[in-house]
J.: 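Quick one: the structure is below, questions incoming.
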Amino acid sequence: MTLTSKLQETIQFMKDQGVADVEFGLILGSGLGELAEEIEHPVVIPYDQIPHFPVSTVVGHAGQLVYGTLSGKKVLALQGRFHYYEGHSMQTVTYPVRVMKALEAHSVIVTNACGGVNTTFTPGDLMLITDQINFMGDNPLIGENEEDMGPRFPDMSEAYTLSYREIAKKIAEEKGLHLKEGVYMGFSGPTYETPAEIRFARTIGADAVGMSTVPEVIVAAHSGLKVLGISCITNLAAGMQKNLNHAEVVETTERVKVEFKSLVKETLAAL
Ligand code: HPA
């Protein structure tokens, strides 16, 4: 079955549920899914009901799509994303981005929890993603290219839309929020990185590391979607603090979620 025909079945199902006129896709990372609760007139669809949709397994990820209005925009939010380390293929991880595009979204907002590599970062900081490094050892576009999905060799020069970054920065400034900026480097996980890997990451230009986002943004670029990326620095990366654990990641997102939600909502209103 081709990707195009799978997508047709998925979006037909979603349209039957009342999903129409999507403007923005919203991918909510670990601990950041609560934003979907603020969507007005929500249509909620658990992943396991959607044809061809995978099911997410990570604690802290709800595993449902929420469609409705947020900040006056029609959004389709992914409350819980799919990770490569769960054993999904890169194509599966990025299927929801294809669905967003097929439902005529023009943009996606990607969010994640990640480790800070830049020594000026502190846990709890929010970081505007300016660019990314694919260190996951795979790429969702490997294989035959379906020309109607996008070009064989997509340009990644401005994967994170510059005008969106400028708007987010302006909003943050108006709010008196110290929004950091930087390059996100994707590792496959599920191990956290070693201190040596983090020194390497810093040397090659990473400001933050995580286990998501990179594949989705590659597919967004392939599909011609505009992208805004916001990371929550939940911890300092390996070797920069005592030890790492998922509990701290969840604790930090819990602590900054009010700030995070208001930044995303106000930025969304201005996009
Ligand atoms: N490394 C990778 N992924 C992460 C981290 C980290 O330090 N923190 C949260 N997600």
Side-chain angles (χ1 to χ4, degrees), residues 26-35 56-63 78-88 90 93-94 109-140 160 179-218 228-257 259-261 263-264:
L26 205 54
I27 301 179
L28 302 171
S30 299
L32 305 170
E34 250 191 52
L35 183 57
S56 79
T57 59
V58 189
V59 183
H61 289 68
L78 209 60
Q79 214 175 15
R81 61 148 58 80
F82 305 105
H83 298 87
Y84 189 56
Y85 63 73
E86 292 174 81
H88 298 300
M90 285 264 163
V93 166
T94 54
I109 300 182
V110 292
T111 68
N112 58 55
C114 63
V117 171
N118 185 314
T119 55
T120 69
F121 289 179
T122 312
D125 281 345
L126 298 179
M127 183 189 90
L128 182 64
I129 310 177
T130 56
D131 203 352
Q132 69 182 26
I133 297 171
N134 180 8
F135 196 63
M136 297 178 86
D138 200 348
N139 188 305
Y160 293 85
L179 181 62
K180 301 290 167 43
E181 268 185 76
V183 174
Y184 177 95
M185 180 171 176
F187 284 73
S188 70
T191 46
Y192 288 116
E193 303 71 30
T194 64
E197 285 164 349
I198 294 305
R199 289 193 297 276
F200 163 70
R202 187 179 304 113
T203 303
I204 67 166
D207 296 289
V209 290
M211 307 175 194
S212 67
T213 305
V214 163
E216 290 111 312
V217 172
I218 289 173
L228 175 73
I230 300 191
S231 288
C232 172
I233 308 292
T234 54
N235 55 277
L236 295 180
M240 300 171 70
Q241 65 170 47
K242 211 157 162 240
N243 52 30
L244 306 189
N245 59 74
H246 189 62
E248 184 188 7
V249 172
V250 176
E251 261 165 48
T252 309
T253 53
E254 191 65 26
R255 178 158 64 81
V256 302
K257 69 186 181 193
E259 210 173 41
F260 165 81
K261 287 192 287 190
L263 175 66
V264 175

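These numbers come from a predicted model, not from an experiment. Note that ligands are numbered from 1 as they come in the structure, with each ligand's atoms numbered from 1 the same way.
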J.: Is any side-chain heavy atom of M185 closer than 4.5 Å to a side-chain heavy atom of N134?
T.: no
J.: So, do Y160 and T130 sit near enough that their side-chain heavy atoms are less than 4.5 Å apart?
T.: no
J.: Got L228 and V110 here, is their nearest side-chain heavy-atom distance under 4.5 Å?
T.: no
J.: Determine whether T234 and T253 make a side-chain contact, defined as any pair of heavy atoms from C-beta on separated by less than 4.5 Å.
T.: yes
J.: Do S212 and Y184 touch side chain to side chain, with heavy atoms closer than 4.5 Å?
T.: yes
J.: Sequence neighbours left out, what pairs pass salt bridge (Lys or Arg N to Asp or Glu O under 4.0 Å) with at least one residue falling in residues 185-210?
T.: none
J.: I'd like the residue list for ligand 1, meaning every protein residue with a non-hydrogen atom under 4.0 Å from the ligand.
T.: A113, C114, G115, Y192, E193, V209, G210, M211, T234, N235, L244, V249
